[in-house]
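Here is the structure we will look at.
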Protein chains: 2
Amino acid sequence: MANKLSQLDQVFAALADPTRRAIVMRLCAGEASVGELADPFAMALPSFMKHIHVLETSGLVQSEKSGRVRTCRLSPDALLGAEDWFQQQRAIWEARLDRFEAYVMKLKKEKEQAAAKRPSRTARKKGS
Amino acid sequence: MANKLSQLDQVFAALADPTRRAIVMRLCAGEASVGELADPFAMALPSFMKHIHVLETSGLVQSEKSGRVRTCRLSPDALLGAEDWFQQQRAIWEARLDRFEAYVMKLKKEKEQAAAKRPSRTARKKGS
DNA sequence: TGTATAGTTAGCTTCATGGCTAACAAATTA
DNA sequence: TAATTTGTTAGCCATGAAGCTAACTATACA
């Protein structure tokens, strides 16, 4: 329960780094070894391994070693969990906008009714 | 261009902190003053202000001061930008899964054809 | 068996983050 | 005008993140 929140912490923190986002993007296209993943980056291997470790700890990536090669693959659950968070926020945001719009419409209606009773110079201006 | 990526860095980094996520969630429900936002947190105001500042720098939040009160509101563009990133990754991931599934289906079909020519004990087992 | 490959561990530096207190500024209210 | 409220600035501290090199392990190849 309280654990789920800190998983979000880790997922967002993991994705805050461009190297790690690039790794995730690469792994979306299919699994790869550590060496293959590290190749595009001008970075010492131990530094790169730290990024892999952060991704594993966050739950975004899983890996297993066979022989001397460690193969990494995406574990999409954590990614979907973060995406869910956005969708929930957007739902709240949109519900609020709907309420706000309803409120504005109500104000507008009241204004129109007032204008209908006491027509003025400005009442002319609205086309529709 | 190169700027957009670092905006993503900032947005994800901002969302990696539970205090800041809570602020964003609160602001989804409508704007609020710094004091109102800070109230639920057992934290000194200057510490809290740093979070607000991080959110503003990331583009997630905007604020303006009127009198001695600073009012904060959500600026949904940055949020939507981050959500887009997830959706793009998911699209790539799903396309890859489709290709993988097609590959598996092809293998299965070949196996079935082979089984049809040389029926064996295992050929019985598949229902459809 | 010896050598190259692929990762890993250890330990170091530098800088960013998240928290604090204390003191200050500028509006409101009495 | 004096006191309160609401932020803000400055500066300190502890911790963690991101990079490096050097040295090591373990597998695969010749």
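Per chain, numbering begins at 1; letters A, B, ... match sequence-line order.
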Q) So, E56(A) versus S63(A): side-chain donor-acceptor pair below 3.5 Å or not? A) yes

Q: Would you kindly confirm whether L80(B) and L8(B) end up in one hydrophobic cluster when ILVMFWY residues are joined by side chain heavy atoms under 4.5 Å apart?
A: no

Q | Sidechain-backbone polar pair: S33(A) side chain, E36(A) backbone, donor-acceptor under 3.5 Å | A | yes

Q: Describe, in one word, how the ring planes of F86(A) and F12(B) are oriented to each other, choosing from parallel (under 30°), tilted (30 to 60°) and perpendicular (over 60°).
A: perpendicular

Q. Atom CG of L79(B) and atom CG of L15(B): how far apart are they, to the nearest 0.5 Å?
A. 6.5 Å

Q: Spell out protein contact along nucleotides 19-30 of chain D as letters: B when the base is contacted, S when just the sugar-phosphate is, - when no protein heavy atom is under 4.0 Å; keep the 5' to 3' order.
A: BBBB----BS--

Q) Quick one: which of L60(B), V54(B), V61(B) gives a side-chain contact (heavy atoms from CB on, under 4.5 Å) with R20(B)? A) V54(B)

Q. Would a distance-only check, ignoring hydrogens and angles, find a side-chain to backbone donor-acceptor pair under 3.5 Å from S47(A) to M43(A)?
A. no

Q: Could you grab the distance from atom SG of C28(B) to atom CD of E94(A), nearest 0.5 Å is fine?
A: 10.0 Å

Q.
Show me the dot-bracket string of DNA chain D, counting Watson-Crick or G-U pairs under 3.5 Å, with | for pairs to another strand and [ ] for crossing ones.
A. ||||||||||||||||||||||||||||||

Q.
Reading DNA chain C in the 5' to 3' direction, which nucleotide is the first one with an atom under 4.0 Å from a heavy atom of chain B, and which is the last?
A. dG18(C) to dT28(C)

Q | Residue closer to the 5' end of DNA chain D, R20(A) versus R70(B) (nearest nucleotide) | A | R70(B)

**Q.** Distance in angstrom units between E36(B) CD and dG7(D) C1', rounded
**A.** 14 Å

Q: Taking only Lys NZ, Arg NE, NH1 and NH2, and the carboxylate oxygens of Asp or Glu, determine whether E83(B) and R90(A) approach each other closer than 4.0 Å.
A: yes

(Q) Within this structure, what is the CZ-CG distance for the pair R21(A) and L55(A), rounded to the nearest 0.5 Å? (A) 11.5 Å

